[in-house]
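Worksheet for the structure shown next.
Not measured: the values here are computed from a predicted model.
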Amino acid sequence: AVQAAQKMANVRVDHVIASFAGAEPRSYGLAGEWDLQDSVVTEQDVARVLAACDVPDLGPGRAVLPAHPVNFALDHRSGLGDPRGQIGHRLACDMHLLSVDGDVIQNLLYCIKRCDLELAGIASSAYASGISSLVEDEQELGAACIDMGGGSTGISVFMKKHMIYADCVRMGGDHVTSDIAKGLQIPLTAAERIKNVGLCKHARAWRGQRIVFQHAFAMPALHYQNSIGLRDYLPRKQPRTAARRGQPEPGQDLSLINI
């Protein structure tokens with residue numbers, strides 16, 4: 001696959017920056033303080049206050065991603081992005097640290113090595129999604145980015161252009177497709193088309209509408225004024241006559257389905 005991509009782009013790739021999802025991320029907020037020997041903050045003072053942050057017990061088998069300072073405070077002045085060159089007596093720092101499962105990192109490194117590539121950097125997909133999708137004002141004022149993948153969904157919270165929290169859940173688009181297929185008793189291909197085409201098509205119309213969950217499958221009955229049929233989403237070769245019990249007829253309102 002790597003060779004085919006290089007041939008298509010006519011570019012040789014030697015180093016890669018790997019991004020991964022999941023791996024049971026855990027966020028930690030660290031704090032450190034340092035008394036300045038001189039009144040002016042220097043590069044060495046910033047390094048000392050970063051080293052003074054107490055790292056908690058992360059547990060066995062955990063790997064630490066590069067930590068980033070999110071805030072500096074000089075005496076009683078907080079919210080400093082770069083304190084170098086300013087005058088004060090006591091420098092404090094708030095840092096965000098993200099730890100992940102070490103086995104996931106090792107497996108990722110092994111896969112990259114088998115592709116004859118060298119690792120230039122590694123980052124969490126939650127961080128990469130927030131950096132690429134949030135604009136500068138959103139990162140500065142504060143925003144949360146939700147990245148829904150196939151098998152997991154990640155969330156990252158940004159403040160002052162820094163990520164201050166990250167987490168993920170083991171639920172993604174594949175689970176939504178499976179629930180649609182089981183609830184409506186239709187093939188996975190049709191359920192995938194409903195999820196990608198039907199839900200996006202009627203997303204604006206459903207906004208603000210009441211959703212009622214009923215029966216064991218907790219299949220939502222969407223109270224929508226227009227009927228939503230499966231005729232456009234089911235495969236064309238599939239017969240639409242003599243539908244099985246519990247399967248909706250073409251053009252039937254999904255809110256009337258009794259699962």
Side-chain angles (χ1 to χ4, degrees), residues 1 5 16-27 65 98 100-101 103-105 107-108 111-112 122-135 138 143-158 163 165-224 226-238 246-248 250 252-255 257 259:
V16 295
I17 299 177
S19 176
F20 65 93
E24 300 180 358
R26 299 174 187 172
S27 290
L65 296 183
L98 184 66
V100 295
D101 189 0
D103 294 337
V104 176
I105 303 298
N107 293 331
L108 181 61
C111 294
I112 295 176
I122 189 169
S124 173
S125 62
Y127 175 77
S129 300
I131 291 296
S132 60
S133 60
L134 298 178
V135 299
E138 293 173 338
C145 177
I146 299 177
D147 180 18
M148 190 173 186
S152 63
T153 300
I155 179 174
S156 57
V157 180
F158 283 79
M163 186 177 71
Y165 179 79
D167 201 352
C168 76
V169 293
R170 295 182 180 179
M171 183 175 295
D174 294 342
H175 300 85
V176 177
T177 304
S178 177
D179 290 344
I180 295 175
K182 292 179 181 178
L184 301 181
Q185 298 181 7
I186 58 177
L188 289 175
T189 54
E192 184 72 18
R193 183 168 179 80
I194 290 176
K195 183 188 71 173
N196 295 334
V197 180
L199 298 182
C200 295
K201 180 180 179 181
H202 301 282
R204 292 186 177 180
W206 290 345
R207 184 175 301 173
Q209 301 296 326
R210 184 167 59 95
I211 300 178
V212 179
F213 294 90
Q214 57 184 2
H215 302 289
F217 282 100
M219 189 65 188
L222 302 175
H223 296 271
Y224 177 55
N226 297 328
S227 62
I228 306 172
L230 301 179
R231 181 175 302 174
D232 297 332
Y233 310 126
L234 292 174
R236 295 183 178 180
K237 295 183 180 180
Q238 179 176 348
Q247 182 173 350
Q252 182 180 356
D253 193 344
L254 296 185
S255 62
I257 297 176
I259 300 175

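Nearest heavy-atom pair across F158 and M163 is CD2-N, 3.7 Å. Shown here for A126 and S156, the closest heavy-atom pair between the two residues is O-OG, 3.0 Å. Nearest heavy-atom pair across P25 and C168 is CD-SG, 3.4 Å. Closest heavy-atom contact between I194 and L184: CD1-CD1, 4.1 Å. The minimum heavy-atom distance between A181 and P187, with the atom names listed, is CB-O, 4.3 Å.
By the side chain to side chain contact (heavy atoms under 4.5 Å, CB included) test, A21 is found to be paired with S125, S152, residues two or more places apart in sequence or in another chain being considered. Scanning for side-chain hydrogen bond (donor to acceptor under 3.5 Å, both in side chains) contacts around Y165 gives D167, with sequence neighbours left out. Qualifying side-chain hydrogen bond (donor to acceptor under 3.5 Å, both in side chains) partners for D101, counting only residues two or more places apart in sequence or in other chains: none. D103 meets the side-chain hydrogen bond (donor to acceptor under 3.5 Å, both in side chains) test with no other residue; sequence neighbours excluded. For S27, the side-chain hydrogen bond (donor to acceptor under 3.5 Å, both in side chains) partners are H96, not counting sequence neighbours.
With rounding to the nearest 0.5 angstrom, the CD1 atom of I122 is 11.0 Å from the CD1 atom of I17. The structure places OG1 of T153 at 8.5 Å from CD1 of I146, a figure rounded to the nearest 0.5 Å. Note that OG of S129 and CG of L134 are 9.5 Å apart. Values are rounded to the nearest 0.5 Å.
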Show which side-chain atoms of residues 170-178 pair as donor or acceptor with protein atoms under 3.5 Å away, not counting sequence neighbours.
| from | atom 1 | to | atom 2 | distance (Å) |
| --- | --- | --- | --- | --- |
| R170 | NH2 | E24 | OE2 | 3.0 |
| H175 | ND1 | G172 | N | 3.0 |
| T177 | OG1 | G173 | O | 3.1 |
| T177 | OG1 | E192 | OE1 | 2.7 |
| T177 | OG1 | K195 | NZ | 3.0 |

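Counting only heavy atoms from C-beta outward, the side chains of V100 and F20 approach each other to under 4.5 Å.
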